[in-house]
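Each remark here refers to the structure printed beneath this line.
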Amino acid sequence: MKPAPFDYVRPASIDEACTILSEAGGGATVIAGGQTLVPLLNLRMSQPFVLVDIGAIPELRGVDRVVGGIRVGPMTRQADALEDQLLAQHLPAFVRALSHVGHHQTRNRGTIGGSVALGEPAAEMPATAVALGAEIEIASIRGTRRVPAEAFYLGPYMTVLEPDELVTGIIYPDWPQGHLVVFQELAQRPGDFALVGMVGALVIEGGLIQRVGLSWFGMGPTPMKMRRVEAELQGKAPDALDLKSLSRLAVSDAAPFDDHHASAEYRRTVGGRMFTRSIGDALALGEVA
Amino acid sequence: MSEYRVEMKVNGRRVAEAVEARTSLGDFLRLKLGYTGVHMGCEHGVCGACTIMVDGRAVRSCLMLAVQAEGSEVLTVEGLADAQDALHPAQDAMRKAHGLQCGFCTPGVVMTLASLCADRRCDEQSMVAAMSGHICRCTGYQGIRRAITMLAAEVGSAGSDT
Amino acid sequence: MSEQTLIPSAGSGAARWIGKRVERKEDARLLTGRGQYTDDVVLPGMLHVAFARSTIAHGRITRVETSVAAELPGVHAIYTARELAAQPITMMSFFFTPSEVPITPLAGELVQYVGDPVVMVIAETRAIAEDAVSLIEIDYEELSPVVTIADAMAAAPIHPGTETNVASEIGDEEPEEDLAQALQGAHCLLTQEVVHQRISQAPMENRAILATREGPEELTLYITCQSPHNIARWVSLALGLPQTAIRVIAKDVGGSFGLKNTPWKEECAVICAAMLFGRPLKWTEDRYEALTASNQCREAQMRLSAALDANGRLVASHAVYDCNNGAYPQGADNNIAVHMFLWAAYKMPAYAFLSRGWYTNTNGLAAYRGPWAMESLIRETLLDKAARRLGIDPVEIRRRNLVYLKDQPAVSCMGIPVDDITPGECLEKLVAHFDFAAFRKEQAQAREQSRYLGVGIAAYIEPTGSAGSMVTMTGELAQVRIEPTGRVTAMMSTHSQGHGTATTMAQCIADRLGVAYDDVTVFEGDSSRGGFGPGAAGSRQGVIGGGAAIRASEMLADKVRVLAAHLFNASPESVSIEDGIVHIAGAPEMSRPLGEIANIAYAEPDRLPPGFEAGLEAQFRYQPPPMTLTSAAHLCVVEVDTDTGFVKILRWISSEDCGTVINPGVVEGQISGGLAQAIGMVLLEEMPYDARGNPTAATFKDYLLPAISDVPVFEFIHANTPSKTIGGMRGVGEGGAIIGPPTLVNAIADALSPFGEIEKLVLPLTPARILDIVEQRDVSGFGASHSEMATAPVADAVQEPEAPPPMPENSQEQSAAEARSIDGDWNMVLKTPMGPQPMVVTFATDGAGGVSGMFSSAEGSQAFDGGRLDAGRVRFDLKVEKPMKITLKYDLLIEGDIVSGKCKMGMFGSAKVTGQRA
Ligand code: FES
Ligand code: FES
């Protein structure tokens with residue numbers, strides 16, 4: 001289980017990285033933490049000509065306050081993000097989801113950008129980006145662009161990222177202090193990808209749900225945003241909710257499939273209950289940011 | 001197949017070698033440097049047998065390329081104890097607790113525990129949580145749990161001393 | 001946790017080492033990275049091997065193109081089956097019988113499973129070898145794959161030259177009349193059906209071999225295995241070389257669990273290539289290969305019927321068992337032990353079975369911790385079902401049927417003598433330890449809040465430490481010496497893959513010799529040291545190796561006594577050895593360190609007593625009783641989340657009788673490891689194949705091994721009674737994996753009982769399958785994809801081309817056939833559970849229906865008489881002593897020059913006989 005041969009470059013700047021990616025004409029793969037990529041290399045499921053290590057680009061690392069939100073550099077290690085004060089304060093759902101990513105040892109190397117950019121449909125961080133309404137900042141020698149997370153994912157491990165493009169930041173919009181965190185995940189063992197999971201946030205002001213962002217993971221080919229439920233919840237009073245029918249609506253926003261670990265029917269069945277449980281929990285416990 | 005020069009510190013010793021880009025840090029440590037205490041159990045990041053410390057943090061050496069360790073301080077199980085024939089508290093606890101049988105998963109387990117011992121905030125619960133990153137096929141984890149209890153008590157009491 | 005042992009305080013010294021939870025000798029080395037596993041060994045000039053493997057499950061190789069790969073810099077050689085055939089090798093089963101279907105290390109004409117090695121590349125590094133493999137092209141003409149047992153029953157044979165896909169068969173299709181009546185007429189007839197998934201043994205260290213030829217016919221192998229001695233013997237037979245020409249070294253082994261019993265295709269390819277190529281060759285299996293191309297285990301289905309009377313007492317039972325042997329099993333196997341031990345601990349009056357192994361286009365079957373464990377799983381889950389059906393408590397139904405000490409000696413329905421088992425006593429201790437009434441109350445309250453708790457119990461016995469019944473299963477040898485320095489060293493025939501035999505054997509020696517544990521060093525792991533031993537197989541090393549170490553040490557202690565008595569003019573009885581000091585009773589001034597006595601023994605022949613052999617050495621090969629039985633009862637408590645199907649294990653108690661405990665830490669470690677594997681089998685692990693025969697759990701992301709969060713803290717009650725072996729030990733290596741599954745399944749079934757029975761137990765009980773039971777509908781999708789298996793009775797689905805022809809009444813043809821004398825030699829083959837046994841049978845008729853004759857085989861000859869010939873049907877009894885005292889009842893039909901029929905072999909059931917006139 002040894003990778004096919006490849007060249008290795010470690011650019012010092014975003015520009016340099018983009019130039020390399022552009023010149024490689026599709027033969028380059030970006031490595032951040034490598035915790036998902038290296039297994040694919042070892043299994044020869046990924047065979048790039050050149051590996052572009054973005055670990056030495058200082059701008060890609062760190063968590064910063066920006067206008068209207070928080071910007072997370074893609075090279076920020078998951079372990080560091082877990083300890084980050086800014087994230088803990090402003091994006092508790094993010095931190096909660098992150099604590100379920102991989103294991104202690106893989107979080108020490110794994111990055112936020114790596115997890116977000118790879119687009120594993122049963123992973124926590126892509127769904128978190130979708131649920132919270134994040135935008136993915138992308139650079140190439142052709143310029144930069146921002147894509148809403150919801151539009152970023154096309155299918156399992158497929159995103160809108162072009163071969164010459166690099167994720168340079170993930171910008172999470174502000175959620176007001178006091179918003180409620182929604183998070184539930186069912187995985188057979190800690191660190192495994194989810195059989196079923198959901199993540200999101202709710203804002204209640206003046207006794208009404210004023211803002212809501214929810215997404216499934218492990219319930220379709222991409223993170224599945226619960227659009228219809230979000231619309232339904234908007235402006236409602238929490239105690240007037242019919243969770244049963246909402247949960248049916250939520251499941252209808254998902255497109256689960258059969259795999260080695262669970263059937264689509266299982267995912268639908270349990271997904272509905274998970275929805276009821278976690279929305280119920282969030283409202284009752286009022287897990288406040 | 002281009003070779004790259006890497007420099008790093010391994011178990012306190014400076015190392016400068018030429019490696020292929022595709023060589024994992026784990027293979028580099030085993031094959032080039034002879035640190036065969038680094039065990040490859042899966043080479044895809046699940047079993048934890050290959051766990052070492054890079055710059056003080058427990059990481060999978062099968063999921064890191066040797067070239068990525070440029071400039072790092074690497075510690076393997078061979079370099080953990082202060083002296084030849086001595087045992088680090090994590091090693092000692094594992095021995096006292098019968099925490100191993102075949103010993104194949106053991107170097108990785110020990111490196112994770114040792115890295116956590118260095119963190120004063122670390123308690124029993126977080127050590128057990130970190131242990132979910134290791135697969136042991138032999139022991140049913142009973143001895144590892146006991147070793148963690150012993151270690152957590154030690155880390156705790158060391159913390160209260162200061 | 002009790003640490004007491006019941007062994008009498010004999011030995012020479014006061015300090016007891018047997019029974020102590022001492023730190024293991026192995027650990028300081030293994031904890032500091034100084035172990036030596038096969039892949040750690042590097043030899044000068046060593047090259048690396050990788051294989052190009054079949055990508056289809058079944059097909060004919062039409063083209064192999066290696067020229068591009070051969071040009072790759074760093075590639076030294078490429079072998080296909082044709083080149084490798086220059087070094088012939090006879091691959092054999094675990095019992096050292098040649099495989100029934102020919103096996104070559106590399107596939108020549110046909111590929112029989114995905115992963116079947118076709119081409120072997122030898123290169124500078126493993127990475128280059130893999131690069132070359134990716135450049136090799138292999139074309140196939142695809143044949144339809146036979147993947148499941150159901151496929152095998154219906155399909156044409158996968159192996160050319162065979163008539164069916166039946167790899168091995170024993171027992172009777174239909175229960176005999178009185179058994180059938182007992183079943184049908186009983187108060188209550190229960191049927192339990194289990195579909196056991198395929199498991200990967202998954203030791204953390206994958207297979208690995210480093211082979212180097214030394215001169216024309218000497219071979220050194222570093223190989224991860226279960227006994228270097230056994231490998232040396234196997235390889236010498238396979239290659240036709242003297243055993244002494246082969247040295248096998250396996251200092252440290254990272255687990256095996258049955259997988260590494262014998263070298264298999266890849267290891268044999270490396271051995272042959274090393275003979276041909278002349279440079280040291282290393283192959284280390286990677287995890288992808290391990291999960292997709294290694295041998296696997298456990299895939300089987302069984303249907304057990306048992307009749308009970310109104311009091312819940314067992315009346316009669318019948319079972320049909322089928323297991324998937326894959327394409328190239330390590331010994332074609334129908335798992336006879338399943339039937340031998342199914343009811344051995346229970347008062348079961350009558351039992352019959354049919355047992356078959358099936359060839360399929362999947363990875364071969366190998367052993368795994370308690371290979372026959374299906375018996376405990378299906379019996380104990382059936383008993384709980386019966387208890388619920390009859391309204392009896394699960395403890396009570398076992399009390400009524402288990403063979404307690406007061407009921408012994410007894411003989412099981414399969415003829416196994418039972419005189420030393422305590423499953424009932426273990427159960428009583430377990431029950432005393434757990435407040436059932438309180439639990440039932442808690443369970444009822446929890447149910448009111450829609451929380452579902454369950455308790456499960458199970459009891460079993462297990463054959464351990466067996467020796468003498470099979471060629472491979474020998475006794476164990478201990479060679480112990482007190483060095484001139486006074487330090488003690490021992491060479492043992494045992495071998496550890498994590499068992500810690502260097503520790504436990506040293507404890508036995510220290511205990512009986514009267515020296516400090518620290519002063520004893522045990523060497524194993526090298527076939528050039530110590531005598532033959534089959535290694536870790538069948539929970540045997542503690543029992544037999546321990547007995548050997550104890551007796552050899554006692555012999556050596558006697559020698560010290562004789563010498564010391566002579567030197568100090570005392571009686572041998574007054575000499576004792578304590579902590580390495582030799583004492584004379586009543587004369588403390590004469591106490592001497594052992595080293596001083598040893599020096600004299602080696603270097604001062606003048607001071608030795610007459611006839612005293614110089615030196616202080618002793619050796620003993622222990623031949624124990626044929627088998628030693630271990631008993632246990634376990635209990636676990638679970639909570640099932642009926643919304644999600646997740647199971648949480650809240651408590652687990654083991655109450656076991658493993659005889660004398662040498663080291664409680666090691667014993668508990670063995671049980672715990674087995675229990676973790678049991679939890680994996682019940683809840684997590686599964687090696688599935690798709691319809692094309694592709695294994696679909698190729699990484700540890702998909703093959704789920706239990707993690708720390710899946711395994712609770714185990715509680716132990718050591719309910720030990722010494723066995724009849726030297727030292728009184730009983731084997732404990734496999735038990736956890738045998739009794740764990742039914743204990744856990746019973747707890748889950750108890751929790752789910754408000755929703756219904758687990759009608760058919762399909763493992764693993766994934767969250768989705770749990771919901772199948774809770775919601776009584778097909779949530780998991782298993783029902784949809786396996787409906788045919790649910791409806792087709794196992795026996796009915798079989799086309800039986802080999803079924804023995806009906807016994808004729810009195811037809812004309814037969815009289816004519818009879819007219820032609822059957823006298824003379826017949827070549828026959830008896831299909832035994834250990835492989836086919838060829839033999840020559842000579843019949844002599846007396847003209848009045850009487851038959852006598854002679855059996856001759858490699859094992860020797862034996863005469864019989866008193867047989868009857870009637871209308872072409874020959875019936876006679878043959879009393880044999882090996883492998884055990886048993887009467888073989890032959891019932892043969894002779895038609896012209898062809899003979900067929902069966903042989904009833906006591907507890908082994910019946911086996912087929914085929915043959916023709918010589
Ligand atoms: S070898 Fe690195 S995690 Fe298994
Ligand atoms: S001790 Fe063998 S795998 Fe852990």
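A, B, ... follow the sequence lines: proteins, then strands. Residue 1 opens every chain.
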Where does B:I135 contact chain C at under 4.5 Å (heavy atoms): side chain, backbone, both or neither? both
Side chains of B:C138 and C:F257, heavy atoms from C-beta outward: is any pair under 4.5 Å? yes
When the 4.5 angstrom heavy-atom criterion is applied to C:L705 and chain B, the contacting part is both
Can you tell me which portion of B:Q91 sits under 4.5 Å from chain C's heavy atoms? Options are side chain, backbone, both or neither. both
Part of B:A86 within contact of chain C (heavy atom distance under 4.5 Å): backbone
Any chance NZ of C:K25 has more than 12 other-residue heavy atoms, nucleotides or ligands included, within less than 6.0 Å? yes
Residues B:D27, C:R126: salt bridge by 4.0 Å N-O rule: no
C:Q670 versus chain B, the contacting section by heavy-atom distance below 4.5 Å: both
For C:E205, is it the side chain, the backbone, both, or neither that has a heavy atom closer than 4.5 Å to a heavy atom of chain B? both
Pairwise distance OG(C:S709) to CE(B:M131) - rounded to 0.5 angstrom: 12.0 Å
pair B:T139-C:E668: side-chain heavy atoms closer than 4.5 Å: no
Would you say the side chain of B:R137 lies within less than 4.5 Å of the side chain of C:P706, judging by non-hydrogen atoms? yes
So which heavy atom on C:I708 is nearest to which on B:V128, and how close? CG2-O, 3.7 Å
Under 4.5 Å to a heavy atom of chain B? For C:N663 that would be side chain
Please classify the contact of C:F700 with chain B as side chain, backbone, both or neither, using a heavy-atom distance under 4.5 Å. both
Test your reading of the model: is there a side-chain donor-acceptor pair from B:Q142 to the backbone of C:V711, 3.5 Å cut-off? no
For residues C:A707 and B:S132, report the shortest heavy-atom separation together with the two atoms involved. CB-O, 4.4 Å
Side chain to side chain, B:M94 and C:D27, heavy atoms closer than 4.5 Å: no
Name the member of B:C105, B:C42, B:A81, B:C102 that forms the most heavy-atom pairs with chain C at distances under 4.5 Å. B:C102
C:R21 side chain to B:H98 main-chain N or O, any donor-acceptor pair under 3.5 Å? no
Do the side chains of C:T32 and B:L87 get nearer than 4.5 Å, heavy atoms only? yes
Would a distance-only check, ignoring hydrogens and angles, find a side-chain to backbone donor-acceptor pair under 3.5 Å from B:H44 to C:T699? no
Selection from C:N206, C:T284, C:L30 maximising heavy-atom pairs under 4.5 Å formed with chain B: C:L30
When heavy-atom pairs shorter than 4.5 Å are enumerated against chain B, which of C:G736, C:G673, C:G674 gives the highest number? C:G673
Is any side-chain heavy atom of C:D40 closer than 4.5 Å to a side-chain heavy atom of B:R30? yes
Considering only heavy atoms, which portion of B:H88 lies under 4.5 Å from any heavy atom of chain C: side chain, backbone, both, or neither? neither
Counting heavy-atom pairs under 4.5 Å with chain C, which one of B:A97, B:G140, B:G143 comes out on top? B:G140
Please state whether the side chain, the backbone, both or neither of C:Y288 comes within less than 4.5 Å of a heavy atom of chain B. neither
So which of C:V42, C:D286, C:D39 has the biggest tally of heavy-atom pairs under 4.5 Å with chain B? C:D39
Which atom of B:F104 lies closest to which atom of C:Y37, heavy atoms considered: N-OH, 3.5 Å
So which part of C:V22 gets closer than 4.5 Å to some heavy atom of chain B, the side chain, the backbone, both or neither? backbone
Counting C-beta onward and ignoring hydrogens, is there a side-chain heavy-atom pair between B:R95 and C:R24 closer than 4.5 Å? no
Derivation and outcome, salt bridge (charged side-chain N to carboxylate O under 4.0 Å, His left out), residues C:R34 and B:D85: CA-CA 11 Å; C:R34 270 115 191 149; B:D85 297 327; over 6 Å; no
Just wondering, do B:C47 and C:M204 contact through their side chains at under 4.5 Å, heavy atoms? yes
Using a cut-off of 6.0 Å, state whether more than 12 heavy atoms not belonging to C:K701 lie near its atom NZ. yes
